[in-house]
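Read the structure below first, then the notes.
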Protein chains: 2
Amino acid sequence: MSELFKGKPTSRRAFLRGSVAAAAGAVTAGAAQAGTPDPLITDVQPWATGLGDGVDASPYGLPIEYESDVVRRNVEWLTADTISSINFTPIHALDGTITPQGCAFERHHSGAIDLKKEDYRLMINGLVDKPLVFTYADLERFPRENHVYFCECAANTGMEWAGAQLNGAQFTHGMIHNMEYTGVPLRTLLEEAGLDVAGELQDKWVYVEGADASSNGRSIPMGKALGDCLVAFKANGEALRKEHGYPVRLVVPGWEGNMWVKWIRRIEVTDGPVESREETSKYTDTLADGTSRKWTWVMDAKSVVTSPSPQSPITHGKGPLVITGLAWSGHGAITRVDVSKDGGKTWETARLAKEGEAKALTRFYLDTTWDGEEMLLQSRAMDDTGYIQPTKAQLREVRGENSIYHNNCIQTWWVRPNGEAENVEVS
Amino acid sequence: MSELFKGKPTSRRAFLRGSVAAAAGAVTAGAAQAGTPDPLITDVQPWATGLGDGVDASPYGLPIEYESDVVRRNVEWLTADTISSINFTPIHALDGTITPQGCAFERHHSGAIDLKKEDYRLMINGLVDKPLVFTYADLERFPRENHVYFCECAANTGMEWAGAQLNGAQFTHGMIHNMEYTGVPLRTLLEEAGLDVAGELQDKWVYVEGADASSNGRSIPMGKALGDCLVAFKANGEALRKEHGYPVRLVVPGWEGNMWVKWIRRIEVTDGPVESREETSKYTDTLADGTSRKWTWVMDAKSVVTSPSPQSPITHGKGPLVITGLAWSGHGAITRVDVSKDGGKTWETARLAKEGEAKALTRFYLDTTWDGEEMLLQSRAMDDTGYIQPTKAQLREVRGENSIYHNNCIQTWWVRPNGEAENVEVS
């Protein structure tokens with residue numbers, strides 16, 4: 001780091017004489033010349049002379065206006081309209097791991113509906129001894145759990161199969177969010193409905209559907225339903241947002257976001273999968289030979305450099321540079337992330353901000369020095385099953401180029417000497 | 001749990017004949033009589049017949065209108081105006097541990113100021129070899145860390161010293177929030193300024209001040225400054241909110257919130273504490289004999305039941321009841337929380353949602369059955385130093401009733417047979 005502030009220090013002696021103007025010469029920012037006093041240091045700043053906002057200014061606060069570019073965005077050409085569509089988390093501008101609800105991506109099949117808690121009902125029926133209908137108030141009486149999980153749309157990075165299409169991590173990898181959910185285990189509710197959860201259920205499934213017009217029905221094998229699925233009503237401590245399924249959604253940890261049914265209204269225990277529209281004509285993976293893989297629920301290990309990236313260029317010239325990004329796996333915890341600056345020829349192991357947690361986002365950092373030359377930036381995730389994130393070429397070899405879903409390939413950003421970055425493919 | 005849904009099950013045989021109306025008779029909610037079809041089940045609901053909002057409806061989302069009571073609130077009589085004042089996190093309505101920035105409490109001494117990133121400067125001066133001024137862009141070039149920490153105002157629960165004053169967990173215990181912070185260790189910046197961080201520094205301090213008119217200067221002993229303090233610029237993944245110190249605040253884990261200086265503009269290395277206004281006339285603890293304790297920085301272990309509580313009454317009658325709350329300690333991790341229903345005569349050990357993390361909120365649950373009788377609900381936290389949260393009587397014995405700060409006593413809610421709760425004292 002020693003190069004970063006070269007030329008900036010003033011002598012301690014000069015400084016201790018109280019010459020603030022001398023220190024001001026140390027500022028690198030803006031157009032200040034060395035030795036030219038920085039008015040932001042030497043003058044009394046306007047924000048230090050008066051009073052600011054009171055505590056009644058925002059009962060529920062929003063980001064400051066200067067952050068107005070850090071918002072969800074949709075891609076106009078991607079869908080016919082904005083109702084059955086998607087928007088993207090601004091992951092290029094976030095850090096840490098938690099996604100605030102206000103900028104957490106949305107995917108709707110018939111729009112975000114308005115459903116009050118008092119109008120909410122959840123039916124459990126089918127092959128259960130005691131079909132039940134729960135109100136919202138009923139759900140609050142069962143033992144709750146809290147877990148941080150990522151929710152990734154199966155189509156995340158889906159536009160990239162055929163080539164580098166979208167210029168920004170928000171658009172290539174932003175169909176993901178990571179929140180702390182509070183809810184009741186689905187297992188608990190199935191048991192309440194008389195399902196013998198310790199019995200012979202390996203051939204049984206549940207069919208889950210939402211209260212919106214699309215209903216977005218999906219089949220889930222019983223092992224997962226009795227595993228870590230949650231019927232959730234809070235995210236990051238507060239009520240789910242309307243667009244995330246208020247008042248209640250299903251959480252299916254590590255599995256594709258389409259199965260995390262919003263406004264969940266019915267859970268039917270069945271003898272087999274329903275083979276609904278959302279798991280046949282959609283959310284299956286068309287291979288090179290025209291056949292389709294189905295039941296590809298788990299989101300494989302994946303990662304992306306969020307900065308620098310096309311929407312987050314390097315603006316400071318050569319010297320110390322923080323490269324950062326996100327990694328995740330639907331199979332378990334991230335154990336390691338490597339970063340390459342040369343398109344995958346050589347790799348350096350990144351620092352994980354915390355030990356990886358199962359089915360949750362992990363933040364990684366590579367604290368490095370940039371020589372000012374171009375880079376082909378990549379990241380490569382590994383999870384605790386030993387799986388290593390593949391290259392796009394490796395994925396295509398197995399899956400062809402017809403797929404939309406489950407593209408977890410290594411992403412490349414071409415960073416130019418001017419610090420700008422672009423989405424590219426490397427062979 | 002068997003009592004909860006008594007009378008609700010219909011027979012599986014009846015249900016499998018396809019009689020949805022029969023199942024509707026099982027609903028407990030609303031005014032539906034047994035056997036009376038619930039129109040929310042039997043009719044096509046309005047929200048299932050049309051389209052909802054598109055993904056362009058809210059680039060940055062807010063809570064749904066039905067949650068409009070889950071907001072920060074101030075207490076009119078508490079301060080002369082709303083500028084040098086405080087508002088409170090609606091902890092009675094939250095679950096999990098993360099506090100969304102939008103409803104995380106604020107405390108200002110001269111209001112929340114408007115400070116752009118490009119106008120931001122952080123000076124490190126005093127007893128350092130290379131006094132420096134950092135811009136915001138400079139800070140982004142140092143290695144970052146992510147940590148979830150609670151921030152509690154020293155005055156949280158301060159109005160309760162003399163008796164039960166405020167009727168709601170939001171007001172008695174809501175001067176607290178818990179967020180995932182991203183920032184640069186203060187140690188790193190002090191080292192950059194030439195401080196010999198491995199040297200003999202045990203008598204040295206730092207004096208930190210903010211860019212607002214109050215400046216809110218505080219002295220921090222060097223051990224803490226070189227320990228876990230962060231110069232933070234993100235919370236819960238995104239930029240700090242204006243009211244939380246945008247663009248940069250100090251994070252002083254486990255220590256009183258007043259030291260978490262917002263809009264931090266200067267860090268001076270000194271030979272001793274400055275004895276500023278904020279650490280002499282304020283933020284000291286006046287004892288019964290009129291003398292004051294000072295340098296009482298650490299927030300001792302504490303807990304509160306958030307539901308049921310005055311703002312979150314029991315509405316469902318006797319039977320299964322989830323009692324939940326929060327526990328935390330500035331000394332380390334919460335290891336155990338006990339709950340009493342009889343004002344401290346008998347205790348049951350609560351379930352921690354996750355293993356306690358150092359200096360972060362821990363959520364606890366007691367999954368119980370309510371007999372419909374009155375309760376005197378209390379919670380009692382223990383941390384990994386072996387410390388046990390005291391009663392108010394124990395605290396008063398040592399500290400009298402003149403204090404404002406550092407009231408970490410056991411809180412009591414009197415829950416009446418009608419489910420309503422009230423703030424009371426028990427002897």
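Lettering of chains follows the sequences in order, A, B, ..., and the numbering in each one begins at 1.
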Below 4.5 Å from any heavy atom of chain B, which atoms of [X] appear? Answer side chain, backbone, both or neither.
X: A211(A); result: both
X: E243(A); result: side chain
X: H109(A); result: neither
X: T82(A); result: both

Practice problem: Find the one option among N146(A), I86(A), L115(A) whose heavy-atom pairs under 4.5 Å with chain B are most numerous. | Solution: N146(A)
Quiz item: Top residue by heavy-atom pair count (under 4.5 Å) with chain B, among S84(A), P100(A), P247(A), P90(A)?
Solution: P100(A)
Do [X] and [Y] have side chains that get closer than 4.5 Å, going by heavy atoms?
X: V55(A); Y: R72(B); value: no
X: Y246(A); Y: Y66(B); value: yes
X: S68(A); Y: Y60(B); value: no
X: R351(A); Y: P143(B); value: yes
X: R241(B); Y: S58(A); value: no
X: N87(B); Y: D56(A); value: no
X: P59(B); Y: R73(A); value: no
X: E140(A); Y: V322(B); value: no

Quiz item: Between E180(A) and R363(B), is there a salt bridge with N-O shorter than 4.0 Å?
Solution: no
Quiz item: Got a salt bridge between E67(B) and K117(A), using NZ or NE/NH1/NH2 to carboxylate O under 4.0 Å?
Solution: yes
To the nearest 0.5 Å, tell me how far [X] [atom1] sits from [Y] [atom2].
X: W47(B); Y: D119(A); atom1: CH2; atom2: CG; answer: 4.0 Å
X: M123(A); Y: D38(B); atom1: CE; atom2: CG; answer: 9.0 Å
X: L40(A); Y: K116(B); atom1: CG; atom2: NZ; answer: 11.0 Å
X: E65(B); Y: D114(A); atom1: CD; atom2: CG; answer: 6.0 Å
X: L51(A); Y: D81(B); atom1: CG; atom2: CG; answer: 8.0 Å
X: Q45(A); Y: R121(B); atom1: CD; atom2: CZ; answer: 9.5 Å

Quiz prompt | Check: R141(B) side chain, P320(A) main-chain N or O, donor-acceptor pair, under 3.5 Å | solution = yes
For the residue pair [X] and [Y], what are the closest heavy atoms and their distance?
X: A48(B); Y: R265(A); answer: CB-NH1, 4.1 Å
X: D53(A); Y: I83(B); answer: C-CD1, 4.0 Å
X: K242(B); Y: I64(A); answer: CB-CD1, 3.8 Å

